[in-house]
Each structure stands twice: as C-alpha cells, then as structure tokens.
> 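Have a look at the structure that comes next, please.
Just so you know, ligand 1 is whichever comes first in the structure, and atom 1 is the first atom listed for that ligand. Just so you know, these numbers come straight off a predicted model, no measurement behind them. Computation of the quantities below employed the complete heavy-atom set of this structure, encompassing side-chain atoms and omitting hydrogens, waters and symmetry-equivalent molecules.
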Amino acid sequence: MRETFPGTMDLSDPTTLVLSVILCFFVALFFYGRKRSSKYNLPPGPRPLPIIGNLHILDLKKPHQTLHQEMSVIILCALFSPLVISTGIMFAYDDNWKMMRRFTLSALRDFGMGKETIENKITEECDFLVEKFRSYNGEPFDNFILINAAVANIIVSILLSHRFTYEDPTLVKLLKIVNENLRLIGSPMAVLYNAFPSIMRWCSRIQKKVAKNINEMYVFIQETFTSRRKELDVNDQRNLIDAFLVKQQKESPQLYFTNENLTTLVSDLFAAGMETTSTTLRWSLLLMIKYPEIQRKVQSEIEKVIGAAEPQVIHRKQMPYTDAVIHEIQRFGNIVPTNLPHATTQDVNFRGYLLPKGIHVIALLTSVLYDKDHFVKPDEFYPEHFLDSSGNFVRKEAFLPFSAGKRSCVGESLAKMELFLFFTRLMQNFTFQAPPGATVDLTPALGFTAGPLPHKICALPRV
Ligand code: HEM
C-alpha cells in the first residue's frame with residue numbers, strides 16, 4: 001500500500017481521480033463563463049455558478065420577481081435550450097413569423113378588430129354572460145369557466161364565425177386543454193425543465209404532458225375548426241380560417257399557408273385571445289370586491305354617462321375614472337410578468353453593453369408596470385396612477401401590458417375593446433361581493449399567466 005501525506009491527493013485512487021476531473025471541469029466552466037461574459041460585455045448581474053448558472057437564486061414559483069433587478073443579467077444556465085416551434089405566430093421566427101403576423105393583422109382587421117361588427121358581437125356576448133351571472137341570484141359561484149367561455153366566443157367568432165354555448169363540450173374541452181397547459185408551462189418543474197432539458201427529460205413527465213395536450217389541441221382544431229374547408233366559398237370569405245384557405249389555394253409552391261401553419265395559428269390565437277383577456281376580467285371583479293369604494297365610483301360614472309343604455313366604445317372618452325381603473329387593473333394584475341422569451345437577431349448595443357446575436361432575452365413587463373419612477377405606489381391598486389389632479393385620464397409610457405416593438409401583442413385593440421365592454425356591462429348590472437365570511441386573496445396563482453387563485457364571487461343584481 002502506498003503512503004499518502006495529509007493535504008495531498010492520491011490520483012491513483014479512482015474516486016479521487018473522478019472527483020478531481022469533475023472539479024477541474026467545474027472550475028474550467030466557471031472561468032469560461034466569466035471570460036464569455038467579459039468578452040460580450042453583458043450588463044452586470046449576480047455571478048453564475050458552473051452548470052446551474054443563477055438557478056440557485058431563482059424563485060421557481062415567481063421567477064419574474066428574482067429577475068426584476070434593474071440592468072442585471074441573470075444567466076439561467078449554460079444548457080438552456082427552450083422548446084422552439086417554428087409554425088404559427090407566437091413561437092415562430094424569421095420569414096414564417098413575418099408572413100403569419102402580416103396575415104393575422106390584416107385578417108383580424110378584415111373580420112372585425114376595431115370595428116363595429118366586433119363591438120356588436122361583444123355586446124351580444126355580454127347579454128349571455130349577464131344572464132348567466134343573474135341565474136345565480138346573488139349566491140356564490142366560480143366565474144372561471146363562464147368568463148373563459150364568453151371571451152373565447154369573441155375570438156371564435158373571428159376565427160370561425162361561430163358561437164358556442166357555455167356548456168358546449170367542444171368549448172369546455174378546448175378551455176380545459178389551454179388552461180392546463182398554461183398552468184404546466186408556468187410551473188416550477190417547467191422552469192427546471194427549460195434549464196436542464198436533458199436531465200429533466202428522465203425525471204419529469206411535464207414535457208410529455210404538455211406535448212400530449214398540444215397534440216390533442218391540434219387534432220381537435222383540425223376536426224372542429226379547419227375541417228370547414230368543404231364549405232369554403234372564395235367569393236364569400238366569412239372568417240380568418242376562410243381567408244387562410246383562400247391564400248392556401250393561391251400559393252404555389254406551398255411555403256407558408258400550409259395546414260401545419262393553419263393549425264398552430266388557430267391554436268395560438270385561440271389561447272392568446274382567450275386566456276389573457278379573461279384572466280384580466282377575473283382580476284377586475286376580484287379587485288372591485290376588494291375595493292368596494294372604487295367599485296361604487298365606477299358604477300356612479302356608468303350611471304352618469306351611460307345610464308341604462310348598452311355600453312359602447314364611444315362612451316370610454318367620457319369616462320376617465322373607469323378608463324383609469326381598467327388601466328390600473330392591467331398594470332396591477334401584471335398577467336404576463338415574464339413576457340414571451342425573445343432572442344437577438346444581431347449584436348445589440350444596449351446602454352453601452354453588448355448583447356450578442358442569438359442571446360435569449362426576457363424583457364420583463366414587471367420592470368415597467370411596477371416601475372416606481374412612473375407609478376408612485378407601484379405595489380398598491382391605485383387608479384390615480386392614470387388620473388391628473390383634475391380627474392382627467394393620463395397615459396403612461398411605462399404602461400406596456402401588451403409589450404412593445406415588432407412582436408408586441410397583435411390583439412391589443414381587440415382586448416381593449418373587450419375589457420371596456422365586458423367590465424362596464426358587468427358593473428352596470430351587478431354589485432360584486434365576496435361570499436359571506438370569505439376574504440379576498442390577491443396572491444397570483446402559479447402559471448404562465450398570473451391569474452387570481454380559485455375563488456367564488458357573489459353577483460348582486462342592481463337592476
Ligand atoms: C388583456 C389581454 C392581452 C394581453 C395582456 C396580451 C399580452 C400579450 C403579450 C405581453 C404578448 C407578448 C409580446 C412580446 O412577445 O413582446 C402578446 C403576444 C401576442 N398576443 Fe396578446 N395579449 C392580450 C390579448 C390578446 C388577444 C385578444 C389576442 C388575439 C387576437 C392576442 C394575440 C396575441 C398574439 C398572436 C401574440 C404573438 C405576437 C407575435 O409573436 O408576433 N392577445 N400578447
């Protein structure tokens with residue numbers, strides 16, 4: 001047996017050898033990481049550890065809160081390789097994204113966005129929702145599926161010229177798939193999966209479950225939405241799917257207007273158009289329950305400006321208080337806190353720092369919506385953020401719940417119209433309260449979008 005001295009290593013011992021190699025690997029990665037960030041002159045941030053990057057400081061339940069640090073870069077980890085989908089619009093890139101975005105914007109405009117046609121559709125849907133709320137006679141109920149379904153019907157009318165009843169099994173199934181996936185994608189397990197796909201693949205079922213849901217959604221969309229090609233009349237295009245199919249017939253060779261793009265695009269628009277707006281509306285009712293004096297002020301402005309008539313978009317200009325409340329709901333609700341992930345398409349000089357081409361960037365919406373330089377009480381629900389001292393509505397440049405730039409939300413004007421019409425109509429017809437004995441919890445639920453935790457409300461009829 002060979003003698004080893006205290007404080008020295010015996011490299012002939014296999015365990016010591018393996019441990020030494022691993023240690024050298026970590027040290028090399030550590031210095032490589034530091035060299036890489038100094039080469040690129042990235043903005044400052046906490047020092048990343050080898051392999052795991054800054055994962056150890058990340059709150060997996062609320063990643064945006066860890067990331068909300070001014071001018072800092074959080075290195076998620078060296079192995080980051082997120083799921084990339086090249087079809088549709090939301091996760092597409094390059095020419096396919098450009099074509100789908102251009103088509104979507106023009107189809108949304110042609111089939112009603114920003115026009116009276118869609119305003120009438122929303123007003124009609126408000127009738128159904130009010131009737132449903134009224135049927136509970138002031139007793140507690142969960143508004144989740146009802147609001148989901150009402151909002152889903154607006155995007156479905158643009159996609160398919162169709163309306164589902166709130167109990168329709170097709171709609172209920174679609175809503176279940178979308179909601180489950182958004183919850184899974186925002187879960188701590190999914191954050192870990194994105195950071196360590198090769199390791200997590202072995203110990204987490206999350207990716208399989210999400211993929212299964214997406215697949216089910218696509219099959220379902222093909223059966224229910226896109227199978228309508230048999231009824232297509234080129235001279236009478238009634239909806240976005242018709243417009244896509246007409247483009248498909250004209251395109252040769254088929255590059256962009258493919259069946260895959262149609263399925264993913266419809267799925268993207270359904271999910272984005274339904275989930276975000278309905279989550280904001282659910283926040284709106286919960287916040288009105290929490291702050292009854294604000295609810296009363298909104299109701300008295302409605303009485304003054306609209307009376308018993310149906311709310312219309314033209315009323316908004318005369319309703320600065322309600323407008324400020326809706327803006328504050330969106331700011332405070334902060335429902336897409338981490339925004340969608342992006343990547344630089346070229347080297348970018350950002351405030352004297354270099355973000356190299358291809359780097360993944362998460363432009364946190366929390367950082368603007370909760371910016372104390374723009375909002376005096378960022379952590380409070382305070383509609384005065386959007387009012388001047390005379391009670392006039394004021395715009396804020398940091399109000400960016402729809403993000404900014406080339407990839408900003410395509411449904412912004414549709415969403416704004418929906419929020420105003422649904423919110424005023426519900427406030428006109430009901431006073432909202434918590435069920436007897438219940439307290440209002442404003443903690444956001446875990447998920448890709450930050451909605452309220454499950455809760456019940458009471459809708460007391462006013463008229
Ligand atoms: C309150 C409601 C809504 C909010 C807060 C919201 C917010 C957002 C945000 C933050 C993004 C990411 C922007 C970025 O990547 O920088 C986005 C993208 C998108 N939104 Fe919305 N959205 C809302 C409603 C809608 C509606 C009603 C539609 C349906 C027409 C829609 C369709 C989309 C699409 C297709 C994208 C991807 C755009 C692209 O990648 O080019 N959204 N939205």
> Touching ligand 1 at all, His342? Heavy atoms, strictly under 4.0 Å?
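True for this residue.
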> If you draw the axis of the six-membered ring of Tyr256, does the NZ or CZ of Arg102 fall within 45° of it and under 6.0 Å from the ring centre?
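No, Arg102 does not lie over the aromatic ring of Tyr256.
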> Are Glu293 and Arg296 within salt-bridge range, i.e. N to O under 4.0 Å?
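Arg296 and Glu293: not salt-bridged.
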> Select one of side chain, backbone, both or neither to describe which atoms of Ile89 lie under 4.0 Å from any atom of ligand 1, heavy atoms only.
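The answer is both, backbone and side chain.
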> Could you tell me whether some N/O pair between Trp97 and ligand 1 is separated by less than 3.5 angstrom?
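There is such a contact, yes.
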> Between Lys406 and ligand 1, which residue portion shows a heavy-atom distance shorter than 4.0 Å: side chain, backbone, both, or neither?
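Neither part.
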> Where's the contact between Asn339 and ligand 1, heavy-atom distance under 4.0 Å: side chain, backbone, both or neither?
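Near ligand 1, Asn339 shows its side chain, while the N, CA, C and O stay back.
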> How does Arg101 reach ligand 1, if at all, at less than 4.0 Å between non-hydrogen atoms: by side chain, backbone, both, or neither?
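Just the side chain.
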> Taking all atoms of both residues into account, what is the closest heavy-atom pair of Met100 and Gly88, and its distance?
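Taking every non-hydrogen atom into account, CG-O, 3.3 Å.
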> Are any side-chain N or O atoms of Arg316 and backbone N or O atoms of Thr322, one a donor and one an acceptor, separated by less than 3.5 Å?
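Side chain of Arg316 to backbone of Thr322: no pair is present.
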> For the residue pair Glu260 and Thr87, confirm or rule out a side-chain donor-acceptor distance under 3.5 Å.
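Thr87 and Glu260 do not have a side-chain donor-acceptor pair below 3.5 Å.
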> Check this for me: does any side-chain nitrogen of one of Lys372 and Asp379 sit under 4.0 Å from a carboxylate oxygen of the other?
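No, this pair does not count.
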> Looking at atom 36 (C) of ligand 1, what's its closest protein heavy atom, distance included?
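Looking only at protein heavy atoms, the one closest to atom 36 (C) of ligand 1 is Met90 CG, 4.0 Å.
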> Looking only at protein heavy atoms, identify the closest one to atom 7 (C) of ligand 1 and say how far it is in Å.
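Among all protein heavy atoms, the one nearest atom 7 (C) of ligand 1 is Pro401 O, 3.6 Å.
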> Could you report the tightest heavy-atom contact between Leu400 and Leu365, atom names first, then the distance?
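Closest pair (atom of Leu400, atom of Leu365, distance): O-CD2, 3.5 Å.
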> Just jot down the ligand 1 atoms closer than 4.0 angstrom to any heavy atom of Leu340, in number order.
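Checking each atom against Leu340, I get 12 (C), 15 (O).
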> Checking a contact table here: which protein heavy atom is nearest atom 16 (O) of ligand 1, and how many Å away?
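Looking at atom 16 (O) of ligand 1, the protein heavy atom closest to it is Ser403 OG, 2.6 Å.
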> Examine the proximity of ligand 1 to Ile158 and report which part, side chain or backbone, both or neither, has a heavy atom under 4.0 Å away.
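Neither; nothing of Ile158 gets under 4.0 Å from ligand 1.
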> Less than 4.0 Å is my threshold; does some heavy atom of Leu365 fall inside it relative to ligand 1?
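Right, Leu365 reaches ligand 1.
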> Heavy atom to atom 13 (C) of ligand 1, shortest distance: which of Lys416, Arg407, Lys98 holds it?
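Result: the heavy atom closest to atom 13 (C) of ligand 1 is in Arg407.
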> Do Lys132 and Glu167 sit within salt-bridge range, that is, some charged N less than 4.0 Å from a carboxylate O?
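Glu167 and Lys132: salt-bridged.
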> Do Phe375 and Phe399 have ring centres separated by under 6.0 Å?
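When the ring centroids of Phe375 and Phe399 are compared, they turn out to be at least 6.0 Å apart.
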> Work out which heavy atom in Ala445 is nearest to a heavy atom in Pro452; give both atom names and the distance.
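Looks like CB-O, 3.9 Å.
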> Ring centroid separation for Phe332 and His385, is it under 6.0 angstrom?
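They do not qualify: ring centres at least 6.0 Å apart.
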> Judged by atom type as modelled, is there a donor-acceptor pair below 3.5 Å linking the side chain of Asp142 to the main-chain atoms of Lys456?
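Not at all, since once roles are kept as given, no pair shorter than 3.5 Å links the two residues.
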> Using a cut-off of 2.8 Å, find all protein N, O or S atoms closer to atom 21 (Fe) of ligand 1 than that distance.
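Counting only protein N, O or S atoms under 2.8 Å from atom 21 (Fe) of ligand 1, the list reads Cys409 SG.
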> Excluding sequence neighbours, so at least two apart, what forms side-chain contact (heavy atoms from CB on, under 4.5 Å) with Ser161?
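With neighbours one apart ignored, the set is Arg238, Asn239.
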> Counting each atom of ligand 1 from 1 as listed, which ones have a heavy atom of Thr280 under 4.0 Å away?
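Matching atoms, with element in brackets: 1 (C).
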